[in-house]
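All values reported here derive from a predicted model rather than from experimental measurement. Hydrogens, waters and symmetry mates play no part in the numbers below; they use all other heavy atoms, side chains included. Residue numbers begin at 1 in each chain, while the letters A, B, ... track the order of the sequences.
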Amino acid sequence: MLAAIGIDSMEGLLVDIPRSLRIPRLELPNGLSEFETMAQITSLADRNRVFPDRLTFRGGGVYRRFIPAAVAAVTSKPEFYTAYTPYQPEASQGTLQAIYEFQTLIAELTALDVANASLYDGATAVAEAAMMAFVHTGRKEVLVSGYLHPEYLDVLRAFGEGRGIKIRKGSEPTAKTAAVIFQQPDFLGLLVDAAGLTKRAHDAGAIAIACVDPISLALLAPPGQYGADIAVGEGQQLGLSPSYGGPHVGFIACHKDLVRRLPGRLIGESHDAQGRRGFVLTLTAREQHIRREKATSNICTNHSLCALAASVYMTYMGAEGMRHVADVSFKRAHALAARLTALPGWELAFPEQQFLNEFPIRVPKPAVMNRKLARRGILGGLDMHRWYRELKGVFTFTCTEVNDPRAIDELVEAVSS
Amino acid sequence: MLAAIGIDSMEGLLVDIPRSLRIPRLELPNGLSEFETMAQITSLADRNRVFPDRLTFRGGGVYRRFIPAAVAAVTSKPEFYTAYTPYQPEASQGTLQAIYEFQTLIAELTALDVANASLYDGATAVAEAAMMAFVHTGRKEVLVSGYLHPEYLDVLRAFGEGRGIKIRKGSEPTAKTAAVIFQQPDFLGLLVDAAGLTKRAHDAGAIAIACVDPISLALLAPPGQYGADIAVGEGQQLGLSPSYGGPHVGFIACHKDLVRRLPGRLIGESHDAQGRRGFVLTLTAREQHIRREKATSNICTNHSLCALAASVYMTYMGAEGMRHVADVSFKRAHALAARLTALPGWELAFPEQQFLNEFPIRVPKPAVMNRKLARRGILGGLDMHRWYRELKGVFTFTCTEVNDPRAIDELVEAVSS
Amino acid sequence: MTEPLSFEKSRPNAHAPRLPDADVTAAGAADVIPRELLRSQAPALPRLSEPEVMRHYSRLASMNYSISEQFYPLGSCTMKYNPVANEAAASLPGFTALHPYQDEESVQGALELMWRLEQALCAVVGVDRVTLQPAAGAHGEWTALRMIQAFHRSRGEARTEVLVPDSAHGTNPASAALSGFQVVEVASAPDGRISLADLEAKLSSRVAALMLTNPNTLGLFEREILDIAELVHNTGAKLYYDGANLNAFMGVCRPGDMGFDAVHMNLHKTFTTPHGGGGPGAGPVGVKSDLVPFLPTPTVERTNGHLKLDFKRPQSIGRVRSFYGNFGMLVRAYTYIVAMGGDGLTQASMDAVLSANYLRKRMEGLLDLPHEGPCMHEFVASAHNLAPNGIRALDVAKGLLERDFYAPTIYFPLVVPEAIMVEPTETESKATLDAFADAIAEIVKEAKEDPDKLHHEPHSLPVGRLDEVATARRINAYLLGQSEDPILRWKPAREQPC
Amino acid sequence: MTEPLSFEKSRPNAHAPRLPDADVTAAGAADVIPRELLRSQAPALPRLSEPEVMRHYSRLASMNYSISEQFYPLGSCTMKYNPVANEAAASLPGFTALHPYQDEESVQGALELMWRLEQALCAVVGVDRVTLQPAAGAHGEWTALRMIQAFHRSRGEARTEVLVPDSAHGTNPASAALSGFQVVEVASAPDGRISLADLEAKLSSRVAALMLTNPNTLGLFEREILDIAELVHNTGAKLYYDGANLNAFMGVCRPGDMGFDAVHMNLHKTFTTPHGGGGPGAGPVGVKSDLVPFLPTPTVERTNGHLKLDFKRPQSIGRVRSFYGNFGMLVRAYTYIVAMGGDGLTQASMDAVLSANYLRKRMEGLLDLPHEGPCMHEFVASAHNLAPNGIRALDVAKGLLERDFYAPTIYFPLVVPEAIMVEPTETESKATLDAFADAIAEIVKEAKEDPDKLHHEPHSLPVGRLDEVATARRINAYLLGQSEDPILRWKPAREQPC
Ligand SMILES: Cc1ncc(COP(=O)(O)O)c(C=O)c1O
Ligand SMILES: Cc1ncc(COP(=O)(O)O)c(C=O)c1O
């Protein structure tokens, strides 16, 4: 090829690079065969401890759930995972239709008008929603009510700081408040008065942002039902493995009045000259590649493949299936709570509040409990004291359809032994 | 649908089944969810002990080798694994071309004229070859020379018995001999005088059948080079996992004079009306669906997907790659042999004979050796005494590219401790 | 569009894969082994980089129809959906990494799975024991016939004939011949079922067995199966069941109860192991007690929880293949059985029969339906009615390909002219069945209005109709030494030295 | 042919998946939770059997172009082959099953991998530390700008402007704005490189940073990078490197040595993690020592073999996302780096530059090449020369689709009219590059001889050119309340009660 280009060595192509910048070599070992590479990577994987699904009672934003084999069978198709963002619609209808279906699924689940193609995760979804409210209302304060996931709160703060948005804890919006953000169920697993918070936000002319658990929406009132303006959340439970925290997928849906403020990709229905239906990237005037510094967000690459996984999951489960696992999770969590509170020294931290399948409970021996459980192969509850000074000795425990009754017995036995 | 058919219950469709034959229900438990099913299957898998590749020194017809991730990435494509035998060529060009390439790869490897689309395994491949010789020569005796894999020999006997073919051990063919069968390298890993055996077979007017190790053919003289008429073998080493013995793939190739006697599918090149090249099932006049009792074999479903895996492997490795792993295996096996024979009481069982990467060695403590090795996570040599009275205390050890030098050290240390 | 061969894409300077080095001090093979034992010419394998290899096979894959994308109503082949969980189960390292010569203690899970699968299959077909070793249906047929042969021989009877209906699948007579039997054909009666009269005429003390599938290849249940069994047994012969059509009545009735002595099952049909473009499959064989002593070795035995392989079976016909069968396929089939359960398997057969009858109904007035219904899980139609338009079953098949459906089995069974054998299976929705029926209607219309158009279909596939006759002719020329081109393989331009 | 939506395929009586029952004695949610907190209308999700779900997505997949099947010369996106071993590595249960809140002791392997990846990336780009948390390039840009902002603030400087070249990618100004900066554009010089004069004019004590990619989006190396760095640093501003083009010179030179203070990398470009049809990616950010205190939390720290997550970083900008980044993507990228090694990465960049220049050469006389070569890993051509024929860059792109190639990036960068930005990458063979060049030649010929034919391409894909304007218009009507059809989603006919 050099000859065809008309030069006699690679150097001829690197002439623009100042000599002083050239390095002799990369300070990295030489390459390895695939076999040796996999041996090295596998040895790293083997240095991690894997707790079995059924004995995992820890949640806190990432949950073990049944993942149909169908999900990986779809997302592992190279036609999906090795394609780029669908810039050329005629050659990308597979991805475009799948995302259009995802947008519909999320809109249905949240009972809102429009959802986007995906965001990075639940945390950045909360932050992007806050930015929407900030721009929409022109107000510089965002209220966070109750126990929002502490990491979501941190990310929200980091986003706010750049643009000088004040993030405050509280649920009493004023004329300065751009948005009220609440999580349903909250980080402790407890149900909050979403409708009430929404009303208060609206009364103050603020945007109501609900951060929701997608599985819970098969049972609980969706944001659209109580009038929230924006719904965001983390989609990990929709067919994605814990994977040490990522990649997962953030989703965002909103009322039609806010659609032009949405961050990220939007897919719309279209037609060709022969009247055949097709799908395209649309409303791009919101996006960075068109609007540059005036864009609603800087997001470009998002989490398409994770959104695809979530679509496969929701399509496979259907409304009945999701409702079923949500209800099974509810029953098992309540059965576990009953078993635990029957033990000496164990009591619900907020006995008067309802929960779904994750609940905060005060335990007698916080210091040793999880180490003891780990010895039995159990991943125990999550220590809330790590984030909340006021919750000393309080752990949240989670149950889903993967924690069979025998697993619950094993847990109860282990903590009481 | 019942209504459309014009009946009011399923019973209307089962009228031809005598009442007396109807059963109330199947004596099986009810179905389970995918999650519960996988839990049950996984618990069975967990009841098996997996020895790491690098510490597996046992062969005997099934070997651990590096399998490129590319193999599974191809064979897991539903377009390949959920298709049927390519009866409709226009809608099956993917499978047809892949098999045509497999036929070419095997023909190249064996240096023979034509190979078929695949057989079940190495054992039935040997038997099918013997049947070819039986029909072709009209002679009723088949000679087996030296250490043919004992299970291949058993299968050959079972095939022969039906048709009254005498299977004899020996290497002195007579006018009654239909074929001489030998394995190169033999079951003990030793090299045999393939050329001499072939000549003797031909001098007696018999067919020479070589049972070969496909990886070895990157180094060793292929059957075509020394004039064997038929080459058969087991393709497991070409990208297939041990999988407790199957599914693997048998291959068969032959001299052009015997092509019409070949069992199973053959793919040929063809063209459509526009002159576009395509591939089709051909010479079907040999096969059961056309020739019925006069067919060359009864085989119908064969091992296509395994043949595809082998094609991907050979195409990925190339001649250089296969030669490289064969040579690495050779060197490591000889290094291991040298290390072991240096130990007191260890000696090669056939010091005067050459071997490639598997060799028979006399060990001092046959009764306890493997149990001792297993405790160190090592799958030790294979006890030849199980099959050969004369080989008391003799084990075969195998090395391939997966047994790194440290693994060899661990083995030597374990046996000498 | 067609794709070049991997050999044609080969580039001498393509990145070869990185591979581990020996890292030991030992001479190479070339320096140790005498030259005459070494290879003189390197095989002309393609040389491609990993990206090229992957793209090559991705493009080939996209040239296939498969049940993952198309309706595949291939009669007699039971192309039902293959649950993805089967694949997940079969790829567990606890199964794939097992060496067949590991000690029994280290493979108890694998043996337990095989044992449970045997129990489940016994329950479904109503037999006493099952061997899991045969690699496919034909292999199972041969295995069973060998057992029947051994049974008769053990009683000093040299029975040399096997009866096979004229509607039987080709593997039946072929398997009989491969076992050393003479094949005697039994005629079908006008109603498509086996002719009892002809059967009686052909039965004798020379007969070792009658091979039958039920429902037969026309999709019709052999109503007189009990009389047939009695006739056969009265002559001391055995009744063999070709289980390719087992999907018709799981949970409804059992071959064992019908009087069958030996039964093969196609796990790659009834029990959803994938067909893989032509295998691997698995063809377990179930037998009644008097054939049990002749089962191939080894069998899996279970004594108070502990499992072992039994090689000591004095009357056994011996080994029918290496190791223990297509284990990976057994894992898939067992996974399917656990997930479906007795209730699910029964429902599957019911749905399969319902789909077939619905589709058969929709064929009325479009194609000939030579036999009276109801059918079981499949039915055979005929394109005979289109003969006046110069349209054959083949043209109907190609018309379906053009319309994004795989074609039914054609020209089988041989007893029906222009046969079109349709098996929809239980895993297809009514919407799909209707779309298929509409396509047939469209084709029949086209056959009558513009037969020539149909003759030239398909045209939107990678290739059009291929000239198989020319291919056979060219191969012939090669085999007769009149040409250098084998046609059955690509031929390298020149050889490279090793 | 187009495919119905999953919603349109939905059947009320489809087999719902079997799911585990609760098997505990506890009341259901509906009986415990007050009605007003419960859902009143079930969401209208599709109801399909597993076979239908799988076939639906299989058919959608077959409607995509992807690098697994097509050449994908999408400029600026580095669509190189994704090694399958990456996927195998990332799907090891030892990685996928880890809960982010497991104790450090139980995830040493994961932390070690992250730590090693950080070291490797430091070596490639020449920085002191790297944060692996950003989920994509844009997220990395914003993260870096926040660090630079924090750096200036920590020194009591309120710098409010960020300079961005007019050739920059849209995410650059967008990220700057999202961090609260004013964006000031810097012009390109006629040779396509940044104008030093304009840069000097725009630089001031208000400037926090200059965002630059090198080679720039025209594929040209910024020759005066050292002068640029000096100018920027003299005003106390930081120099930011947009690493989307890092594939151009791995092992040849390093952004850190050029004077860049902060660098983001797109692991989904340079380091072969798949693009997934639009993510997930990963956008780690590397920084020089004076920005290290501001890295987001947590960082991975290694003290004599033991790894921990460090959350106590007083000057940190805090968290930029939940947990520790797109860990699964980090596994893939690290696997690639181990397999390639220093030698392999260097060779990759060399080959990428070679391919780009070869293809650029082949474009001579076919398309305009507005800037002088050599280029680095990509080049920008222009369809301006076809304007007289009424052919635009868009038409050339569609013509390529018709010929089974994905299209280059078009209309970017904005500084080139009718831009066609081509990045072949190192993983394509010469044969593929030639085929692409031939396709361009054919298209240019068609453009001159029969432009109208080209205007109507593609016609052999599932759909032809789509009317994006009509789509926008219809959405507008919906947003203005003039229509009920959102266009941005499928709308169910009627709601089902819960
Ligand atoms: C009726 C019948 N019998 C036997 C067979 C042979 O089964 P296999 O292809 O698995 O050898 C088949 C399958 O083609 C069949 O349809
Ligand atoms: C030059 C350049 N900068 C930044 C980005 C943004 O990266 P990402 O899409 O990962 O956010 C891209 C990728 O589109 C790019 O090409």
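Under the 4.0 Å criterion applied to side-chain N and carboxylate O atoms, Arg489(D) and Glu101(A) are not assigned as salt-bridge partners. For Glu90(A) and Arg465(D), the salt-bridge test fails: no basic side-chain N is under 4.0 Å from an acidic carboxylate O.
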Residues Met376(D), Ile17(A); criterion side chain to side chain contact (heavy atoms under 4.5 Å, CB included); working and verdict: CA-CA 10 Å; Met376(D) 293 298 284; Ile17(A) 305 175; 3.7 Å; yes

Side chain to side chain contact (heavy atoms under 4.5 Å, CB included) assessment of Glu269(A) paired with Thr471(D): CA-CA 7 Å; Glu269(A) 185 193 287; Thr471(D) 300; 5.9 Å; no

Verdict with supporting geometry, Glu50(D) and Tyr316(A), side chain to side chain contact (heavy atoms under 4.5 Å, CB included): CA-CA 6 Å; Glu50(D) 180 181 319; Tyr316(A) 175 98; 3.6 Å; yes

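Taking every heavy atom of both residues into account, Ala30(D) and Arg323(A) meet most closely at CB-NH2, 4.5 Å. Closest approach of Glu151(A) to Phe323(D), counting heavy atoms only: OE1-N, 2.5 Å. Between Lys398(D) and Pro89(A) the shortest heavy-atom distance is NZ-CD, 4.0 Å. Here the shortest heavy-atom pairing between Gly245(A) and Arg321(D) reads O-NH2, 3.1 Å. When all heavy atoms are compared, the tightest approach of Pro173(D) to Arg292(A) is CG-CB, 3.6 Å. The minimum heavy-atom distance between Gln225(A) and Arg39(D), with the atom names listed, is OE1-CA, 3.5 Å.
Highest contact tally toward chain A, considering only Tyr101(D), Tyr478(D), Trp490(D), Tyr358(D), is held by Tyr101(D) [criterion: heavy-atom pairs under 4.5 Å]. Heavy-atom pairs under 4.5 Å with chain A were tallied for Ala27(D), Pro83(D), Ala120(D); the largest tally goes to Ala27(D).
For a residue to count as touching a neighbouring chain, one of its non-hydrogen atoms must lie under 4.5 Å from one of that chain's; by this rule Phe7(D) touches chain A with the side chain only. Using a 4.5 Å cut-off between heavy atoms, Val249(A) does not touch chain D at all. For Leu382(A), the part sitting under 4.5 Å from any heavy atom of chain D is the side chain, from C-beta outward, and nothing else. Heavy-atom distances place both the backbone and the side chain of Val62(A) under 4.5 Å from chain D. For Tyr81(A), the parts lying under 4.5 angstrom from a heavy atom of chain D are both the backbone and the side chain. With a threshold of 4.5 angstrom between heavy atoms, Glu320(A) approaches chain D through side-chain atoms but not through N, CA, C or O. Proximity to chain D (any heavy atom under 4.5 Å) is shown, for Ser33(A), by neither the backbone nor the side chain. The part of Pro29(A) that comes within reach of chain D is its backbone (N, CA, C, O), which places non-hydrogen atoms under 4.5 angstrom from that chain. Both the backbone and the side chain of Glu161(A) come within contact range of chain D, each with at least one heavy atom under 4.5 Å from a heavy atom of that chain. Contacts between Arg474(D) and chain A at a heavy-atom distance below 4.5 Å involve the side chain alone, from C-beta outward. Interface remark: Leu191(A) contributes side-chain atoms only to the contact with chain D (heavy atom separation under 4.5 Å). For Arg22(A), the parts lying under 4.5 angstrom from a heavy atom of chain D are both the backbone and the side chain. For Ser6(D), the parts lying near chain A are the backbone and the side chain together; criterion is any non-hydrogen pair under 4.5 Å. For a residue to count as touching a neighbouring chain, one of its non-hydrogen atoms must lie under 4.5 Å from one of that chain's; by this rule Leu5(D) touches chain A with backbone and side chain alike. For Leu356(A), the part sitting under 4.5 Å from any heavy atom of chain D is the side chain, from C-beta outward, and nothing else. Neither the backbone nor the side chain of Leu220(D) comes within less than 4.5 Å of any heavy atom in chain A. Residue contact with chain D, scored on non-hydrogen atoms closer than 4.5 Å, involves the side chain of Thr282(A) exclusively.
Between the side chain of Arg277(A) and the main chain of Thr2(D), no donor-acceptor pair closer than 3.5 Å is present. With hydrogens and angles disregarded, a donor-acceptor distance shorter than 3.5 Å links the side chain of Gln102(D) to the backbone of Arg49(A). No donor-acceptor distance shorter than 3.5 angstrom exists from the side chain of Asp16(A) to the backbone of Arg223(D), with no hydrogens or angles considered. Checking side-chain atoms of Asn64(D) against main-chain N and O of Thr95(A) turns up a donor-acceptor pair under 3.5 Å. Here the side chain of Asn302(A) pairs no donor or acceptor atom with the backbone of Gly279(D) at under 3.5 angstrom.
In the model, Ser241(A) has no side-chain atom that pairs as donor or acceptor with a side-chain atom of Thr96(D) under 3.5 Å. Under 3.5 Å, the side chains of Asp121(A) and Ser322(D) contain a donor-acceptor pair of N or O atoms. No hydrogens or angles considered: nothing links the side chains of Asn298(A) and His139(D) as a donor-acceptor pair under 3.5 Å.
Atom-to-atom distance recorded for Asp154(A):CG and Ile317(D):CD1 is 11.5 Å, nearest 0.5 angstrom.
Taking the six-membered ring where tryptophan is involved, the planes of His275(D) and Tyr84(A) are tilted, since the angle between them lies from 30° to 60°.
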